[in-house]
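For the numbers below, each heavy atom of this structure counts, side chains included, while hydrogens, waters and symmetry mates do not. Within every chain, numbering begins at 1; the chains are lettered A, B, ... in the order of the sequence lines, protein sequences first and strands thereafter. All values derive from a computational prediction rather than experimental measurement.
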Protein chains: 2
Amino acid sequence: MLLSTKGDYGVRAMIDLAKHEGEGPVQRAEIARRRQIPEAYLDHLLAQLRRDGFIRSTRGPAGGHQLAKTPDEICLLHLLESLEGSLAPMQCLENDDPQEEAICGQDWVWQEIYDDMRAKLASVSLADLVEHEREHERERATAARYVI
Amino acid sequence: MLLSTKGDYGVRAMIDLAKHEGEGPVQRAEIARRRQIPEAYLDHLLAQLRRDGFIRSTRGPAGGHQLAKTPDEICLLHLLESLEGSLAPMQCLENDDPQEEAICGQDWVWQEIYDDMRAKLASVSLADLVEHEREHERERATAARYVI
DNA sequence: GGTATTCTCGACCATTCGAGTCAACATTGT
DNA sequence: ACAATGTTGACTCGAATGGTCGAGAATACC
């Protein structure tokens, strides 16, 4: 598994914040409930996202979290690298240790896969994820009408 | 990290067997030495490769391991899926649990990446890996001549 | 038949990582 | 003052990773 729950939950949280952009701070508890994330665990993910400048948080009553950039300025690659650290699919691509690569034998295949993967992730913005979710919701609503 | 040492070591071992095809059984100790794999650990990987029909093993003096198919009949995808189990990059792609996917929000991106990855891995054969290694060796030999 | 050689299989073990939980503390609106 | 909220670090618990080890089985060779 390349992505842990950090990358999954963290992106879910960011989608939630993007969907409620302009409505003031969104509280941890709301995000956790809507996106089915353990509240205490979400803390750590928000902390990381804050450290890397993706969100701003305010304390006190009516406090919460909001995006620090617009959704189309945030790409999935940067989000995931913030949450997960490196996304390298195998150890020998982590640092370019030529000794390790020399004996590995399949590193060149994975280097290509890694490059393609990063390119794809860089091309998807948070705005795209929100848009995709909205479309999905519309589809489900339409399907529901037919079922009724 | 998508690949553990199993996928790394196991493929190294297969490359070694492919390189010594037609020379009779290759012993565990030789593979381990040449490819820098802990000998006792290699046992488990060879066992898995045997179970899945990639190699045949013979016991006794002058015993060892050899390929059960030709190198061009074996693709990297099948090798790695034998050694690692599923290569799914995130949990919600593992089984197609529609409930999990509905809330995930980035599954569609990863589904595309996963498909591309599998296609690439399926297109690379063990013969390709050996050929690539031989080329690499020739390059290094040429470079060495210039250094001298 | 005995012995050396090699693979085979399962049990065991140490360390790290993933996924959380929790309590104490800081900040701020009312 | 106090209640609501975020912030932080310490802690836990189970599973996975990356091995090691020993008893046993097969087989070639003398």
Can you name the side-chain hydrogen bond (donor to acceptor under 3.5 Å, both in side chains) partners of [X], sequence neighbours left out?
X      : answer
B/S125 : B/D128
B/E81  : B/R118
A/D72  : A/T70
A/R140 : none

With A/E23, which residues qualify under side-chain contact (heavy atoms from CB on, under 4.5 Å), at least two apart?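 side-chain contact (heavy atoms from CB on, under 4.5 Å) list for A/E23, sorted by chain: A/H20.
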Rounded off to whole Å, could you give me the [atom1]-to-[atom2] distance for the [X] and [N] pair?
X     : N      : atom1 : atom2 : answer
A/L42 : C/dG20 : CG    : C1'   : 12 Å
A/Q91 : C/dC17 : CD    : P     : 10 Å
A/R56 : C/dT27 : CZ    : P     : 18 Å
B/Y41 : C/dA11 : OH    : C1'   : 16 Å
B/M1  : C/dT16 : CE    : C1'   : 13 Å
A/E84 : C/dC17 : CD    : P     : 14 Å

Do A/S82 side-chain atoms and A/H78 backbone N/O form a donor-acceptor pair below 3.5 Å?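 Checking the backbone N and O of A/H78 against the side chain of A/S82, no donor-acceptor pair under 3.5 Å is found.
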Provide the full list of ring pair (Phe, Tyr, Trp, His ring centres under 6.0 Å) pairs with a residue in residues 104-130 of chain A, sequence neighbours left out, each pair given once.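 Residue pairs with at least one partner in residues 104-130 of chain A: A/W108-B/H132.
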Where do N or O atoms of nucleotides 6-10 of chain C meet protein N or O atoms at under 3.5 Å, pair by pair?
{"unit_1": "C/dT6", "atom_1": "O4'", "unit_2": "B/G60", "atom_2": "O", "d": "3.3"}
{"unit_1": "C/dT6", "atom_1": "O2", "unit_2": "B/G60", "atom_2": "N", "d": "3.4"}
{"unit_1": "C/dC7", "atom_1": "OP1", "unit_2": "B/R28", "atom_2": "N", "d": "2.9"}
{"unit_1": "C/dC7", "atom_1": "OP1", "unit_2": "B/H65", "atom_2": "NE2", "d": "3.4"}
{"unit_1": "C/dT8", "atom_1": "OP1", "unit_2": "B/R50", "atom_2": "NE", "d": "3.3"}
{"unit_1": "C/dT8", "atom_1": "OP2", "unit_2": "B/R50", "atom_2": "NE", "d": "3.3"}
{"unit_1": "C/dT8", "atom_1": "OP2", "unit_2": "B/R50", "atom_2": "NH2", "d": "2.3"}
{"unit_1": "C/dC9", "atom_1": "OP2", "unit_2": "B/R50", "atom_2": "NH1", "d": "3.4"}
{"unit_1": "C/dC9", "atom_1": "N4", "unit_2": "B/D43", "atom_2": "OD2", "d": "3.4"}

Of all nucleotides in DNA chain D with an atom under 4.0 Å from a non-hydrogen atom of chain B, which is the first and which the last going 5' to 3'?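 Contact span on the strand: D/dG18 to D/dA28.
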Not counting sequence neighbours, which residues clear salt bridge (Lys or Arg N to Asp or Glu O under 4.0 Å) with A/K120? List them please.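 A/K120 satisfies salt bridge (Lys or Arg N to Asp or Glu O under 4.0 Å) with B/E112 once adjacent residues are dropped.
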